[in-house]
Amino acid sequence: MKKLNEELPIISEEMARGSTLKERDKKHLWHPLTQHKIHPEALPIVKAKGALLYGEDGKEYIDGIASWYTAMFGHCNDFILNKVQEQMQQLDQIVFAGFTHEPAIRLSEELIKILPDNQEKIFFSDNGSTANEVGIKMALQYHFNKGDKRNTIIAFENGFHGDTFGAMSASGLSVYNGPFEDFFIDVKRISTPNSENIDTVLEQLQGIIKSNKVAAFIYEPLVQGANAMHMFEAEYLDQILKICKENKIITIADEVMTGFGKTGSDFASDHVEEKPDIISMSKALTAGFVPMAVTSCTQEIYNAFLDDSVGKAFFHAHTYSANPIACSAALAAIKLLKTEAIQNKIQRIIESHKNFDNKIKNHPKIKSTRQKGVIYALDLNIEMDRYGKKRYEIFNHFMDRGIFLRPLGNTIYVLAPYIITNDQLEKIYHAIIELLNVV
Ligand SMILES: *Cc1c(COP(=O)(O)O)cnc(C)c1O
């Protein structure tokens, strides 16, 4: 099959007339997470391959965060590209209410193989936010269907679960939520646990359970991505999950960021003894090709929706549910994830981050460092606003050196595609060391 990507970049008529993408962008586009008054310009990217992004300006950038942890097998991966291309010629889209197709069936089988053993059912949606929205709605209706109406969700402080209303309610990062807080569903928060606060956190949890009707606990297992890659230990999460189970609280693991190899195993929940009732996933699920999400659950959850009454069914749908093209991308991605080659690359990145960390962790400009699997983060010893001026200076430090990293406040993190070369990884490390010497 023809390698489409080789023919890019395509020069459009407008480009040929000398009108740059940067100028045309400003006319009609509104970008996410962007204050357009301060940052009027977006950087046009015309092509991506492997770990590299190619700018309109002719520059190359190493994608150090795999485009928000999606393109873990490299951009425009040939294997995935061919599978997607084949699927596109076979079956593009079909209503998933009442119809089914092989890519969805096969994907459900492959996912169940790699998900924690208690997971049995696969529900499709479009993105990480909707995957969590589905999980929260499943949990609420689970209790409702059992005649035990519950209205409170527990979540971690500073968690991030997405930008739709349910997911946003569960998210504790106020920088995103301010104007909407009056409209949220009822969410109570507990701190993320550590060796010092675990007893207090468990007391907090027991207190909330006593004075509320708690339906579910939603959490990012072991790593809070948007919260500057904050990490915590599995043993403490286990204690929290055990108390939830004792109180018939549905546990929802948001694996949208951590899923598909990032923590060194297929899912972060693999490191935790107590398994979640519901798991949401997206991002690397389709390896950066097309948007899709999955919410998996146990047989016990699914059974609570089986009834002679239609009203007890789960009335949630998205038009593109289980889109066959997206399913084919996910199938190809899982196939790659399970290859020895990719597993070796994951181990190589883990080792490489460890060595780098040993080299720099005592640098006076570094406050602390942390690593889980291929996720590496360091906090600089300086106070900074999350979207302040200094943050953009650091962003530009890396971009000037051909590296795309996206600092979160004073945190710099690396979550590169598994296929990144050793040279490219060294370039990232080198740029971080250079930053430490000038910041
Ligand atoms: C990105 C992310 C989401 C939201 O996913 P979208 O696809 O952006 O809606 C939810 N939870 C976590 C942990 C994420 O990293």
Side-chain angles (χ1 to χ4, degrees), residues 69 111-122 128 131-132 135-136 138-139 153-161 170 172 189-202 204-206 208-209 214 216-227 229-285 294-301 337 343 346 350 370-375 377 415:
Y69 356 119
L111 280 170
I112 293 301
K113 272 187 214 160
I114 62 169
L115 279 163
D117 286 346
N118 67 342
Q119 300 297 296
E120 286 296 335
K121 293 287 172 181
I122 298 295
N132 286 322
I136 291 168
M138 271 181 186
I153 309 288
I154 297 178
F156 278 135
E157 277 161 14
N158 297 323
F160 179 71
H161 301 290
R189 289 185 200 292
I190 57 174
S191 312
T192 49
N194 56 52
S195 61
E196 268 139 51
N197 74 356
I198 179 67
D199 292 338
T200 321
V201 173
L202 296 181
Q204 234 182 334
L205 176 65
Q206 297 277 20
I208 294 169
I209 294 171
V214 181
F217 168 53
I218 183 165
Y219 61 98
E220 292 159 90
L222 307 191
V223 188
Q224 290 183 309
N227 185 25
M229 299 295 157
H230 175 70
M231 299 179 188
F232 52 92
E233 297 299 321
E235 61 173 297
Y236 305 123
L237 178 58
D238 245 330
Q239 296 182 41
I240 292 171
L241 294 178
K242 285 207 168 76
I243 292 177
C244 290
K245 291 269 150 105
E246 284 162 20
N247 291 278
K248 295 200 159 50
I249 293 166
I250 303 300
T251 53
I252 307 171
D254 177 352
E255 296 248 18
V256 171
M257 194 278 287
T258 48
F260 304 99
K262 315 268 182 40
T263 63
S265 52
D266 292 342
F267 294 94
S269 293
D270 297 338
H271 302 280
V272 189
E273 202 179 305
E274 201 67 53
K275 301 305 174 200
D277 302 300
I278 294 175
I279 300 178
S280 41
M281 56 213 109
S282 186
K283 289 196 167 125
L285 168 69
V294 157
T295 308
S296 69
C297 71
T298 60
Q299 190 70 40
E300 154 84 10
I301 302 270
L337 177 68
Q343 289 300 320
I346 289 174
I350 292 174
R370 55 199 171 276
Q371 181 184 354
K372 186 81 208 168
V374 303
I375 308 165
L415 213 179

Please tabulate, one pair per line, all N/O donor-acceptor pairs under 3.5 Å involving side-chain atoms of residues 239-247, not counting sequence neighbours.
unit_1, atom_1, unit_2, atom_2, d
K245, NZ, K275, O, 2.3
N247, ND2, I243, O, 2.8

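- Side-chain contact check for V294 versus L285: some heavy-atom pair is nearer than 4.5 Å.
- With sequence neighbours excluded, the residues forming a side-chain contact (heavy atoms from CB on, under 4.5 Å) with Q299 are E120, K121, Y302, N303, listed by chain and number.
- For the atom pair H161 NE2 and I252 CD1, the distance stands at 9.0 Å (nearest 0.5 Å).
- The line from CD1 of I122 to CE of M281 is 5.5 Å long, rounded to the nearest 0.5 Å.
- Contacts of T251 classified as side-chain hydrogen bond (donor to acceptor under 3.5 Å, both in side chains), with partners at least two apart in sequence or in another chain: D277.
- In this structure, E233 and P193 have side chains that are not in contact, with every pair of non-hydrogen atoms separated by 4.5 Å or more.
- Side-chain atoms of E274 never come within 3.5 Å of backbone atoms of P276 as a donor-acceptor pair (strictly under, hydrogens ignored).
- Of all heavy-atom pairs between F260 and S282, the closest is CE1-O, 4.3 Å.
- Partners of H230 under the side-chain hydrogen bond (donor to acceptor under 3.5 Å, both in side chains) rule, at least two apart in sequence or in another chain, are T192.
- Not counting sequence neighbours, the partners of F156 by the ring-ring contact (aromatic ring centres under 6.0 Å, His included) test are F217, F232.
- For S265, the side-chain hydrogen bond (donor to acceptor under 3.5 Å, both in side chains) criterion is met by H271, not counting sequence neighbours.
- I114 is listed as a side-chain neighbour of F267, based on a closest heavy-atom distance under 4.5 Å.
- Remark: D199 CG to Q204 CD distance equals 12.0 Å, nearest 0.5 Å.
- Note that the CD atom of E196 and the CD1 atom of I198 stand 12.0 Å from one another [nearest 0.5 Å].
- Looking at every heavy atom in both residues, F160 comes nearest to E220 through N-OE2, 2.8 Å.
- Side chain to side chain, S280 and N132 meet the donor-acceptor criterion of an N or O pair below 3.5 Å.
- Under the salt bridge (charged side-chain N to carboxylate O under 4.0 Å, His left out) criterion, the residue pairs touching residues 248-266 are D266-K338, with sequence neighbours excluded.
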Apply side-chain contact (heavy atoms from CB on, under 4.5 Å) to residues M229 and M257 and explain how you reach the verdict.
CA-CA 10 Å; M229 299 295 157; M257 194 278 287; 4.0 Å; yes
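- For CD of E273, the number of neighbouring non-hydrogen atoms (other residues, nucleotides, ligands) closer than 6.0 Å is 12 at most.
- Annotation for A155 and A170: closest pair CB-O, 3.4 Å, computed over non-hydrogen atoms.
- Atoms OG and CD1, from S296 and I301 in turn, are 10.0 Å apart once rounded to the nearest 0.5 Å.
- Between the side chain of N118 and the main chain of T298, no donor-acceptor pair closer than 3.5 Å is present.
- Partners of Q224 according to the side-chain hydrogen bond (donor to acceptor under 3.5 Å, both in side chains) rule, which considers only residues two or more places apart in sequence or in another chain, are N227.
- The closest donor-acceptor contact from the side chain of T263 to the backbone of G373 lies at 3.5 Å or more, if one exists at all.
- Nearest heavy-atom pair across L237 and V272 is CD2-CG2, 3.9 Å.
- Each of I153, I218, I136, I278 was checked for a side chain to side chain contact (heavy atoms under 4.5 Å, CB included) with I250, and the lone residue meeting it is I278.
- M138 is listed as a side-chain neighbour of T295, based on a closest heavy-atom distance under 4.5 Å.
- Judged purely by atom type and a 3.5 angstrom limit, R189 has no side-chain atom pairing as donor or acceptor with the backbone of N158.
- Using a distance-only test at 3.5 Å, with no hydrogens or angles considered, no donor-acceptor pair links the side chain of N197 to the main chain of T200.
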Does the side-chain contact (heavy atoms from CB on, under 4.5 Å) test come out yes or no for I190 and I208, once each step is laid out?
CA-CA 9 Å; I190 57 174; I208 294 169; 3.7 Å; yes
